[in-house]
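Predicted model, so just to flag it, every value in this text is computed and none were measured.
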Amino acid sequence: MTIRLTKILLFILIGSLPFGAIQAQKGKKKKAATKTTAAARNAKKPASKGRQGKASTPKRGKATAKPNPLPTPPSAPFVLPQTTRQGNGNAKRDETLSITSGGKDTATPAPIVLSDTATTPSEVIITSAFKPTLRNASKINFTAATPLVDTSKVVFNYNVPSQNLFFSYEPAVIKPLALAIDSSLVWDLNQYVKVGFGNYVSPYLEGGASFGNGTKSVMSVHGKYVGAKGSLPNQEFSKAGVDVQGVITTMSNQELGVKAYWDNHTTYRYGYVPDTQVFVKDSLRARYNSFGLVLGLQNKNPTTKGLYYHPMLHLNYFGNTANTKEWNVLVKLPVSKAVSRLLALDAGLNLDYTRYTNKVIPDTATVNNTVVSADLGVRFRTPNFKLYLGIQPGFDSKGFFVLPQIRAEHSIPKTKFLVEFGFVGTLQKNNYQYLAKFNPYITAPKEQFNTRTSELYVGLKGTITKHLVGNVRATYLSMVDAPLFINDLSSLDKNQNFLVLKSPSIQAFNLKAEANYLLQEKFSLLASLSYTSFTKVDVFEKAYGLLPLEVNGAMKWRMLPKLLLKSDVSFFGGSNFIDSKGENGSMSLATDVNVGVEYNVLKRLNVWADLNNLLNNQYQRWNQYRVLGLQLQAGVVYSFR
């Protein structure tokens, strides 16, 4: 068996000689990796073992097998170790590979010896061109140096809201004899006298004075008289009034408010048709007098219970002649309490009593009109949301009623606008004084009734630009027992008088819009629009005497420190009436433009001039009553301050 294995190994060796010669020929062409002296020095080291059964192959730049400088015989016997079987019969062969070289110039392959034990150890020398080095460390420069000067400017953006105030615009009542006195400018001197005169025999006199230190007490006195006489027969009117009002701060840090007044309005019912009729002048005169006293008390700081109160008493007398007079007493007792920073409670009691006497009509007895109501509500307020939930229960001559009081406001994020919503009910007493102020040409009414109005609205308001604010609101109106006005057509000599009618129910849609432009104290512009569409009128065909369209505007411009220009415009019309033939009619649209100027001549002396009804449009607010045409007034203002 040993002879056969020897023959097999000899046969394998003879077959591998050509392959070894070829590999030696290739190795001869390569450059020696190291010098001969280094090889001789390394020959003393023990051989490095490579992988079992194979010689380590040199690689460029990594590992190179160094030839063995010791001489090797040309041939060596092959020794085959015993083969043993282990486990499942697989043969495991232990081999030792020795590779040597006979020198640089020989190509004879090194003998391969296979034996059970290690023979001459092989030698493997690994070299490399890589030389490890440490990288230079970066050093921090600790040299002290002056910091660079920062010349950049820091920009801070501040969002300052426009300091505009929302004023509820209430247009002045338009009179048929329209002497349009400009009310857009308030003269703020402490003591002054203003006098003037104009065409249509129109004197003008006004004066005012104020007293007090402004902290503990403030008192003011104001008086005014104006009149005019037109070109039509009996086309005359005059107004006079005086009022005294003041505020006194008590020792307990409360404010006591007092106001006393007297008003007189005299006019003539000159709107008869035809105008060739002859009347005694005194029979056409309507002279309205009003006296009143108002007392009020309120605390500036809350009580120990956190309550705020503001009771008020209003006494008023109104009459046309000794035969028609009216007394009115109004008492209000409101109280509020702040529960927290967000929540507050409101409560109040109201008493409104009117006693009306009309001796002109024999069958008319004294009429008493009493309204008692209570105010109950809750106020909830956050920076972006406001809500008021309340009701107003009460009773009058028609019985018990409950009026809603719901109002809400919510700010739109990232804008300066507010969305508002409300469902509000009001009760208006149609006493003689209120009706005569609305239409001074009415006859004394036979009865008194109250109008209940419900408003369901939604709107938008806020700051449009830096100087412009505005709001728009759409409202659905529902009125119960609304007053209407038509000419008295019972006889020819009474058609200039107006009768007061009562409509059981009126439904309408109203659209309002307002805009206010304010530029410091140099320029201001205010404009408003109100359009009402009467969708339903019970009993009567039209809403007689009520205006469906009103457009108003006012402008004030201080061109120079001593020069002030002012103007106001009114555009309205479309109200319905019944003419002398009993047919329905509609008023034409009217335009009234007024312009005024004031100039400071001396330190305490100003001159002024007004042009009223600049377009000379003799329109009619009430049927058969034409107003004055173009009117010029001029005068002076002297200040005692």
Compare all side-chain heavy atoms of [X] with those of [Y] and state whether any distance is below 4.5 angstrom.
X: S588; Y: Y619; answer: no
X: L427; Y: S373; answer: no
X: Y517; Y: F523; answer: yes
X: P483; Y: T451; answer: yes
X: S210; Y: V218; answer: no
X: T532; Y: L547; answer: no
X: V258; Y: L295; answer: yes
X: Q392; Y: N350; answer: yes

Minimum heavy-atom distance [X]-[Y], with the two atoms named:
X: L628; Y: N613; result: O-ND2, 2.8 Å
X: S575; Y: P548; result: N-CD, 3.7 Å
X: F577; Y: S586; result: CE2-N, 3.4 Å
X: G629; Y: N616; result: CA-OD1, 3.2 Å
X: Y261; Y: L293; result: CE2-N, 4.1 Å
X: F400; Y: G394; result: CD1-O, 3.2 Å

**Asked** So I442 and Y432, side chain to side chain contact (heavy atoms under 4.5 Å, CB included) or not? Walk me through it.
**Response** CA-CA 10 Å; I442 64 171; Y432 190 20; 4.2 Å; yes
**Message:** For F395, I'd like to know if atom CZ has over 12 heavy atoms of other residues, nucleotides or ligands within 6.0 Å.
**Reply:** no
**Prompt:** Does atom NZ of K542 have more than 12 heavy-atom neighbours, drawn from other residues, nucleotides or ligands, at distances under 6.0 Å?
**Reply:**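 No, because the 6.0 Å sphere around NZ of K542 holds 12 heavy atoms or fewer from other groups.
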**Request:** Inspect the contact between E420 and R473 and indicate whether a charged nitrogen and a carboxylate oxygen are less than 4.0 angstrom apart.
**Result:**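 Yes.
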Can you sort out the partners of [X] under side chain to side chain donor-acceptor pair (under 3.5 Å), two or more places apart, ordered by chain and number?
X: Q245; result: none
X: N439; result: none
X: Q428; result: none
X: K194; result: none

**Item:** Test side chain to side chain contact (heavy atoms under 4.5 Å, CB included) applied to V627 and D592, step by step
**Value:** CA-CA 10 Å; V627 302; D592 191 353; over 6 Å; no
**Prompt:** Does the ring center of F485 lie less than 6.0 Å from the ring center of Y441?
**Reply:**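 No, they do not, as the ring centres are separated by 6.0 Å or more.
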May I ask you to decide if [Y]'s main-chain N or O and [X]'s side chain share a donor-acceptor pair within less than 3.5 Å?
X: N264; Y: A240; value: no
X: S336; Y: L345; value: no
X: S503; Y: D538; value: yes
X: K536; Y: S505; value: no
X: D481; Y: R452; value: no
X: N510; Y: Y531; value: yes

**Request:** Assign the ring pair F438 / Y434 to parallel, tilted or perpendicular, where the plane angle (0 to 90°) is split at 30° and 60°.
**Result:**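 Parallel: the ring planes of F438 and Y434 meet at under 30°.
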**Request:** Could you check whether the rings of F421 and Y457 sit parallel, tilted or perpendicular, using 30° and 60° as the cut-offs?
**Result:** tilted
**Asked** Could you walk me through whether V195 and V636 pass the side chain to side chain contact (heavy atoms under 4.5 Å, CB included) check?
**Response** CA-CA 6 Å; V195 295; V636 296; 3.8 Å; yes
**Asked** Using a distance-only test with no angle check, is there a side-chain donor-acceptor pair under 3.5 angstrom linking N516 and S524?
**Response**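 Their side chains do not contain a donor-acceptor pair, so the 3.5 Å distance test is not met.
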**Prompt:** Are a donor atom and an acceptor atom from the side chains of N328 and Q433 found within less than 3.5 Å of each other?
**Reply:** no
**Asked** CG/L614 to CG/N612 distance, rounded to the nearest 0.5 angstrom?
**Response**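 It comes to 9.5 Å.
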**Item:** Residues that D346 engages under salt bridge (charged side-chain N to carboxylate O under 4.0 Å, His left out), provided they are two or more places apart
**Value:**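 By the salt bridge (charged side-chain N to carboxylate O under 4.0 Å, His left out) rule, D346 matches R379.
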Please tabulate, one pair per line, all N/O donor-acceptor pairs under 3.5 Å involving side-chain atoms of residues 406-413, not counting sequence neighbours.
residue : atom : partner : partner atom : Å
R407    : NH1  : Q405    : OE1          : 3.4
E409    : OE2  : K461    : NZ           : 3.0
H410    : ND1  : N384    : O            : 3.2
S411    : OG   : N384    : O            : 3.3
S411    : OG   : N384    : OD1          : 3.2

